[in-house]
J.: 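Sharing a structure, written as structure tokens. Questions coming.
Keep in mind the model is a prediction, meaning the values are calculated, not measured.
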Amino acid sequence: MTSIHYPDDLLDLQAAWLRTYTDLARQPIGAGTAALRRRLIVLSCRIEAHPFWAVPGRSRAARSSCAAAPGRARG
């Protein structure tokens, strides 16, 4: 399998998305979660609109791979 080298700023966005999602999941029922949900939406939009994805041939599989990438060492 070919290794994809993601830009650091894209990995930073994905790591922030994962941290925010984890924070949201840890909130008790009834807690104010609007700010965390809004942050997830903003981060999702930034990840989706990142210039890295504008290159032809960047697939949905590469996006899924990016979601797992923040836990790996950077290239």
Side-chain angles (χ1 to χ4, degrees):
M1 181 174 190
T2 303
S3 177
I4 300 171
H5 296 284
Y6 298 99
D8 285 345
D9 62 330
L10 180 56
L11 293 176
D12 291 342
L13 285 169
Q14 186 63 47
W17 190 98
L18 290 170
R19 280 191 307 273
T20 304
Y21 186 87
T22 300
D23 291 345
L24 181 61
R26 289 181 177 157
Q27 293 297 312
I29 294 174
T33 59
L36 290 171
R37 288 184 284 117
R38 280 192 298 272
R39 178 142 173 84
L40 275 179
I41 292 168
V42 168
L43 290 168
S44 295
C45 291
R46 288 182 182 168
I47 291 167
E48 184 67 25
H50 194 279
F52 179 81
W53 305 120
V55 175
R58 299 275 161 85
S59 67
R60 191 49 84 182
R63 291 174 194 242
S64 296
S65 172
C66 180
R72 298 190 301 235
R74 294 177 186 229

J.: To the nearest 0.5 Å, how far apart are NE2 in H50 and CD1 in I47?
T.: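 Rounded to the nearest 0.5 Å, the NE2-CD1 separation comes to 9.5 Å.
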J.: Which distance, rounded to the nearest 0.5 Å, do you find between the CZ of R39 and the CZ of R19?
T.: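 Output value for this atom pair is 7.5 Å.
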J.: Hey, quick one: are W53 and L43 part of the same hydrophobic cluster, counting side-chain heavy atoms closer than 4.5 Å, chains of contacts allowed?
T.: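 Yes, W53 connects to L43 through the hydrophobic network.
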J.: Would you give the length of the straight line joining atom CH2 of W17 to atom OG1 of T22, rounded to the nearest 0.5 angstrom?
T.: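 Between W17 CH2 and T22 OG1, I get 8.5 Å after rounding to 0.5 Å.
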J.: State which residue, out of L13, L10, D9, fulfils the side-chain contact (heavy atoms from CB on, under 4.5 Å) condition with R46.
T.: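 Exactly one candidate clears the test, L13.
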J.: For L40 and Y21, which heavy atoms make the closest approach, and how far apart are they?
T.: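 That would be CD2-N, 3.8 Å.
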J.: Of the non-hydrogen atoms in T20 and L36, which two are nearest, and what is the gap between them?
T.: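 Closest approach of T20 to L36: CG2-O, 3.6 Å.
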